[in-house]
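These notes concern the structure reproduced below.
A note on names: the letters A, B, ... follow the listed sequences, proteins ahead of strands, and every chain is numbered from 1.
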Amino acid sequence: MAVAERTPILELRGVSKRFGAVQALTDVDFEVYAGEVVGLVGDNGAGKSTLIKAIAGIYPVDSGEFLFEGRPATIHGPNDATHLGISTVYQDLALCDNLDVVANLYLGRETAARRLGPLSVIDEVSMEKRAIDVLRGLSVKIPSVRTAIASLSGGQRQSVAVARSVMWDARIVILDEPTAALGVAQTAQVLDLIRRLRDQGLGVVVISHNLADVFEVVDRIVVLRLGRRVGSFDVHATSREQVVAAITGAEWGTVPGETSAIGGNGPKETLS
Amino acid sequence: MSTMIDDSRLIAEQGGIVGAWAAFRRRVSQGEIGQLPVIIGLAVIWAIFYAAQPAFLSAGNLTNLMLQIAAVGTISVGIVLILLLGEIDLSVGAVSGLCAGVMTVLNVHTGIPAPLAILGGLGAGLLIGLFQGFWITRFRIPSFVVTLAGLLAWQGALLFVLGKTGTINIQDKLIIGLANTFFEPVIGWVLGSVFVAYVVVGSVLTRRRRAAAGLAASSWTAVGLRIGVVAALVLVAVFVLNSDRGVPSAVVFLIGIIVVFDYVTKRTRFGRQIFAIGGNAEAARRAGINVSNVRVAVFALASTLAAWGGILAASRLLAVHQGAGGGDVLLNAIASAVIGGTSLFGGRGTVWAALLGALVIGSISNGMDLLSLEPSVKFMITGGVLLTAVTIDALARRGREASGR
Ligand SMILES: Nc1ncnc2c1ncn2[C@@H]1O[C@H](COP(=O)(O)OP(=O)(O)OP(=O)(O)O)[C@@H](O)[C@H]1O
Ligand SMILES: [Mg+2]
């Protein structure tokens, strides 16, 4: 992959965020390119969730810049992020169990057959058609788009939540621990889905503690430790030990391989 | 890699009765039992009373039954909406009494013409609902507590409105006519046909639109079956009512309200928002739904429906007294919604539950009176039926969760 020469869809420069006494993020750079999957890893409390919440517009940052497709952008709230095409799938998914798949995909944005304000009549037929197309495009396997979320498996729910996030012209999809609660087969299904998003040209950010999953699906790994970015690794040129060492802050020197990759935010960092 | 469309599990409905039966069994096993238990329960109750006293199923008694349930059924429609939202409203009984009192005082004491007095009563209900809804959402106090306060306060307000006389008789023809009008047989048939036509057009259009879009559509057999069942029910109902005094206006109002709110809840964005909030309020909020506004609107609707129910009850009794809307009105309205299959846990149920549940409770009460049983027995049996209904809901919920994860 020769992503380094291209402009990232989203780029963060020198982002810092403080919660009272806790400096959650210190001068963090981050970038996502179209058609790549970035793994965001780090120990508990490293600042991963804070970083993606800053991107999603949930926490305002104290300092730092956002560039969207090379142009400066401001993200003051969740709506700003949505308008830029950044969608986030939080760990709790936020689906309505009692509603079917179509209703959940369109929640809050139902297509109106007749526009009458809140009494607009929902156009179920066109919604269902599009829902089937979107799910098929992502090869999501569910018994029927009219099944209630309550009777779907964990992986299917995750897939529906992801499908919802990409339905509305998303450019970047952020997934917070998408496989944390899933079994082997369902994890495979979700990882498959992530690859498919990448193949459609989206930028995908995946937070995960599971390095096996990370190595299986991502192109690049960004490691955070104690609120600082300690490296960006091309997944094909890196061993798991190197990443673990970066996460835990073990002695760089003892780690075989590209020590240059673990150079903090400095210029030595490789952007594969 | 199999795509969605050639996944065999996708064939939601095969043609004919076999397919319909398979789809039905799948829904039941997933806990989507809907109105089935209450329909069976109602059939059993009717069979028992008929065996004990054949007059129970006479045209005259069935007409009485419908008149007896009209007010509570109306109030219960509002309760269904509230339960769908995952809330509760304990004030509807008191509100129904107060608003009937407001209407009557306006008409009898102040001499305001009946149509305006009726609007005044409904308006009072609307304001009360807006107030309670505002209080619940603004101060984030559970609806249980706010409406409990309302229950007490509006009872007091009724006593205040009625003044020293305590009971006010209604003489106005229009107000009395609300609940005491029986339509000519022809009109009954016309109304029945309109309802059947509504169902026919609705199901045929839906079927055609889905098929045209290449979506899985119910087979014509299933559509025909559904229309046939509805038509037969309406036919029998109109025939029975016509062979006594005719179709009562109170029944027409009740069915009309149910049809309207059934459409609103199932087909409009507002209805979808109610279900979404009842299912997962946080998800609804993140999806951009204004949760507070929807809640306030639903409380306002419930109180307005309660007002209409109270007005119907007053019309039927030809008076408003200090106990109006008290006693078992509230409990019967809530019990009707729950017995009819509306989940207490929010987000599941249909407006038709109000009618079915009210029929169950009304039938028990009516049948026991017919057999001249003690009120003690009546209450205990109604309690047992309610407990059964809630248990079925809880078990169905477990079934859904089991089939889910
Ligand atoms: N809203 C908040 N208020 C105060 N401190 C916070 C807040 N959110 C996060 N923090 C702190 O910021 C630091 C980074 O937290 P964050 O949730 O981003 O970590 P994480 O990398 O997502 O960890 P985990 O893997 O456990 O999810 C932690 O020290 C945490 O206590
Ligand atoms: Mg986290």
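Scanning all heavy atoms of the two residues, the minimum distance from B:Ala283 to A:Cys96 falls at CB-SG, 4.2 Å.
Chain A forms the most heavy-atom pairs under 4.5 Å with one residue out of B:Gly278, B:Ala287, B:Gly346, and that residue is B:Ala287. Looking only at heavy-atom pairs under 4.5 Å with chain B, the residue among A:Val121, A:Asn104, A:Thr82 that has the most is A:Val121. Counting heavy-atom pairs under 4.5 Å between each of B:Ala276, B:Gly288, B:Ala297 and chain A puts B:Ala276 at the top.
Heavy-atom contacts from other residues, nucleotides or ligands closer than 6.0 Å to CZ of B:Phe144 number 12 or fewer. The local environment of CZ in A:Arg195 is crowded, with over 12 non-hydrogen atoms from other residues, nucleotides or ligands closer than 6.0 Å. Residue A:Asp199 places its CG atom among more than 12 non-hydrogen atoms of other residues, nucleotides or ligands, all under 6.0 Å distant. For A:Arg114, the CZ atom sits in a loose shell: 12 or fewer heavy atoms of surrounding residues, nucleotides or ligands are nearer than 6.0 Å.
Between the side chain of B:Arg272 and the backbone N or O of A:Gly108 there is no donor-acceptor pair closer than 3.5 Å.
The shortest distance between side-chain heavy atoms of A:Ile132 and B:Leu215 falls below 4.5 Å. Between B:Arg267 and A:Ile122 there is no side-chain heavy-atom pair separated by less than 4.5 Å.
Within the 4.5 angstrom heavy-atom criterion, only side-chain atoms of A:Leu99, from C-beta onward, approach chain B.
Taking OG of A:Ser126 as the start and CZ of B:Arg209 as the end, the distance is 10.5 Å to the nearest 0.5 Å. Taking CZ of B:Arg269 as the reference point, atom CZ of A:Arg115 lies at 7.5 Å (rounded to 0.5 Å). The distance from the CG atom of A:Leu107 to the CZ atom of B:Phe275 is 13.0 Å, given to the nearest 0.5 Å.
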List the steps and the verdict of salt bridge (Lys or Arg N to Asp or Glu O under 4.0 Å) for A:Glu124 and B:Lys266. CA-CA 11 Å; A:Glu124 296 284 356; B:Lys266 288 206 183 108; over 6 Å; no

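Counting only residues at least two apart or in different chains, side chain to side chain donor-acceptor pair (under 3.5 Å) contacts with residues 278-291 of chain B comprise A:Asp92-B:Arg286, B:Glu282-B:Arg285, B:Glu282-B:Arg286.
Under the side-chain contact (heavy atoms from CB on, under 4.5 Å) criterion, A:His236 pairs with A:Asp234, sequence neighbours left out.
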